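All remarks here apply to the structure that follows.
Just so it is clear, the model here is predicted, and its values are computed rather than measured. As the structure lists them, so they are numbered: ligands from 1, and atoms in each ligand from 1. The figures that follow rest on heavy atoms only: side chains count, while hydrogens, waters and symmetry mates do not.
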Amino acid sequence: MTGESKNWILMATARAPTNIAVIKYWGKRDEALILPINDSISVTLDPDHLSATTTVAVSPSFEKDRMWLNGKEISLSGGRYQNCLRELRNRAGEYTDENKGIHIEKYDWNKLHVHIASYNNFPTAAGLASSAAGFACLVFSLAKLMNVKEDLSQLSTIARQGSGSACRSLYGGFVKWTMGNEMSGSDSIAVQLANETHWDDLVIIVAVVSSRQKETSSTSGMRGSVETSSLIQHRAKVVVPSRILQMEQAIRNKDFSSFARLTCADSNQFHAVCLDTSPPIVYMNDTSHRHDLFHNYRIISILERWNRHEGTPMVAYTFDAGPNAVIVAPNQKVAIDLLQRLLFYFPPARDNELSSYVLGDKQILHEFGLESLSSIEGLQPPPEAKDKAPAQRYGGDVSYFICTRPGKGPAILVGEDQALISCQTGLPK
Ligand SMILES: Nc1ncnc2c1ncn2[C@@H]1O[C@H](COP(=O)(O)OP(=O)(O)OP(=O)(O)O)[C@@H](O)[C@H]1O
Ligand SMILES: C[C@@](O)(CCOP(=O)(O)OP(=O)(O)O)CC(=O)O
């Protein structure tokens, strides 16, 4: 390794999206390598609304590997961070910057320490797949910094070792994680089924029911299910393989009603497996407020009633390992009808601004013609509720909504102003 002094700092910044599984990953056959017991399929969400941004820096002056998440220093000693760092260092390439007089040999990367700063533009560890965006971003930015010449599918095997669902966040659009058969995990990779432009009419609304950290992590929850649930075996061996084929076909043909039926059925089966676990896991009410139990089922029953009333699925819903609902509409028009229902049943608590209650893509609000909170108060009940007079409203039960859509995969951000680490101090700005 050569350089004019020990003071140079080399950096890379990237942004990576989260993803929402429509056929769920739940259960590992190898805990250390994070190898799943079934394939899964996800939709990548628009990084403008839900993403991690990570800056990674390297300098001979750094004394140890360090990481800051959302401004707070966290430990990198955990096996998952260590596995990702090791795999990337093993694949690192030579790097030369003649202007700065920097030359790093392949083997130098094992001696150089990194500083990592990351920021999520949405709540961390609340069942919104922060670990997926976070590990995808970490791997993508380190691969750029360390000049790793591997394709995205190879990088997905590294991100997988940070958090299983992270491997699917290396691509935009619609993504399949193939479980693979190899003991080494070399064929347990993510592949893109279609990019984000393939089915760009879809609108996705996330109802954030609680941004509080959950009590049972996905990791320990799925371990419990593998050890104690008999339903999970039937799911992995019989149900998921056939659903994967049907879901691939639904995505290929942009067949919304099949997509919606499969998405809802798979979410509900995943939560059934959680209930079939001993002791049972109940993610949909796993929050401090007991009434949260009801508004998850309220969301499901409101959407199911609407779908039944129309005789065909208008929207699809899915819940991960937390109480937040992710709802997919086939187009902007139905998304407006959906938002109308959501805001009718779940108006904001008093003192809330509309702009902080409906986040993300604001276009939908404008098309809807909703400009202020007072217009929500005047909303009429939807037609399917007419026979159930008077329709009850649950003010304050939802913290906020995020309107988004299928989005693109990770990208490198250029320019020092985008970096989260100062190029003078090597510390978070
Ligand atoms: N931006 C990030 N960069 C690196 N690691 C992150 C980042 N964001 C989150 N993580 C890691 O992911 C952990 C949270 O993962 P966890 O699975 O508990 O929640 P989640 O991903 O939000 O929910 P779920 O995966 O169930 O949808 C954090 O404690 C941290 O270790
Ligand atoms: C319910 C899920 O969101 C589970 C995600 O689990 P994680 O990927 O967070 O688990 P680990 O691999 O142990 O880190 C379904 C899914 O994303 O497929």
Report, in ascending order of atom number, the atoms of ligand 2 lying under 4.0 Å from any heavy atom of Arg80. 11 (P), 13 (O), 14 (O)
Would you check the N or O atoms of Ser217, main chain and side chain alike, for any that come under 3.5 Å of an N or O of ligand 1? no
Phe270 heavy atoms within 4.0 Å reach ligand 2 at atoms 1 (C)
Does any N or O atom in Ala129 lie less than 3.5 angstrom from one in ligand 1, N or O only? yes
Taking atom 4 (C) of ligand 2 as the reference point, the nearest protein heavy atom with its distance: Tyr25 O, 3.6 Å
Whether the Asn268 and Tyr317 side chains hold a donor-acceptor pair (N or O, under 3.5 Å, no angle test) is what I'd like checked. yes
For Ser118, the atoms of ligand 1 under 4.0 Å from one of its heavy atoms are 1 (N), 2 (C), 3 (N)
Partner of Thr13 under side-chain hydrogen bond (donor to acceptor under 3.5 Å, both in side chains), chosen from Asp417, Thr55, Thr54: Thr55
Regarding Trp8 and Ser59, is there a side-chain donor-to-acceptor distance under 3.5 Å anywhere? no
Using 30° and 60° as the class limits, which term best fits the ring planes of Phe62 and His115: parallel, tilted or perpendicular? parallel
Do the ring centers of Phe135 and Tyr81 come within less than 6.0 Å of each other? yes
Winner among Pro36, Ser163, Ser130 once heavy atoms are compared against atom 14 (O) of ligand 2: Ser163
Closer than 4.0 angstrom: is that true for some heavy atom of Ser131 and an atom of ligand 2? yes
Proximal ligand 2 atoms for Ala21, defined as those under 4.0 Å from one of its heavy atoms: 16 (C), 17 (O), 18 (O)
Would you check whether Tyr119 has a nitrogen or oxygen atom less than 3.5 angstrom from a nitrogen or oxygen atom of ligand 1? no
Per-atom contacts, ligand 1 versus Gly134 - under 4.0 Å to a heavy atom: 1 (N), 2 (C), 3 (N), 4 (C), 7 (C)
Would you mind reporting whether Gln269 and Arg243 have side-chain heavy atoms less than 4.5 Å apart? yes
Test of proximity, Ala166 against ligand 2: N or O pairs below 3.5 Å: no
Lys24 N/O to ligand 2 N/O under 3.5 Å: no
List every atom of ligand 1 that sits less than 4.0 Å from any heavy atom of Met67, numbering the atoms from 1 in the order shown and giving each element. 3 (N), 4 (C)
Does Trp26 reach ligand 2 with a nitrogen or oxygen that is under 3.5 Å from one of the ligand's nitrogen or oxygen atoms? no
When you compare ligand 1 with Tyr81, is there at least one nitrogen or oxygen pair between them that comes in under 3.5 angstrom? yes
On the 0 to 90° scale, with breaks at 30° and 60°, tag the Phe259-Phe256 ring pair as parallel, tilted or perpendicular. tilted
Sub-4.0 Å heavy-atom approach of Asn120 to ligand 1: yes
Grab the two heavy atoms, one from Cys137 and one from Ala52, that are nearest each other, plus how far apart they are. SG-O, 3.3 Å
Per-atom filter on ligand 2: closer than 4.0 angstrom to a heavy atom of Gly164 are 8 (O), 11 (P), 12 (O), 14 (O)
Numbered in order shown, the ligand 2 atoms found under 4.0 Å of a heavy atom of Ile34 are 12 (O)
Give me the residue, atom name and distance of the protein heavy atom closest to atom 8 (O) of ligand 2. Ser165 OG, 2.6 Å
Would you say Thr44 and Arg168 make side-chain contact, with heavy atoms under 4.5 Å? no
Close approach, Arg168 and ligand 2, non-hydrogen under 4.0 angstrom: yes
If you scan protein heavy atoms around atom 10 (O) of ligand 2, the nearest is Met222 CE, 3.5 Å
Taking the six-membered ring of Trp26, is the NZ or CZ of Arg235 close enough (under 6.0 Å from the centre) and on axis enough (within 45°)? no
Below 3.5 angstrom, do we get any N/O pair linking Thr54 and ligand 1? no
Heavy-atom contacts under 4.0 Å between Ala52 and ligand 1: side chain, backbone, both, or neither? side chain
Which ligand 2 atoms are under 4.0 Å away from a heavy-atom of Lys28? 11 (P), 12 (O), 13 (O)
Ignoring hydrogens and angles, tell me if any N or O in the side chain of Asn38 forms a donor-acceptor pair with the backbone of Lys237 under 3.5 Å. no
What about Ser40: any of its N or O atoms under 3.5 Å from an N or O on ligand 2? no
Just checking, any donor-acceptor pair under 3.5 angstrom between side chains of His103 and Glu105? yes
Checking heavy atoms under 4.0 Å, the part of Ser218 that sits near ligand 2 is side chain
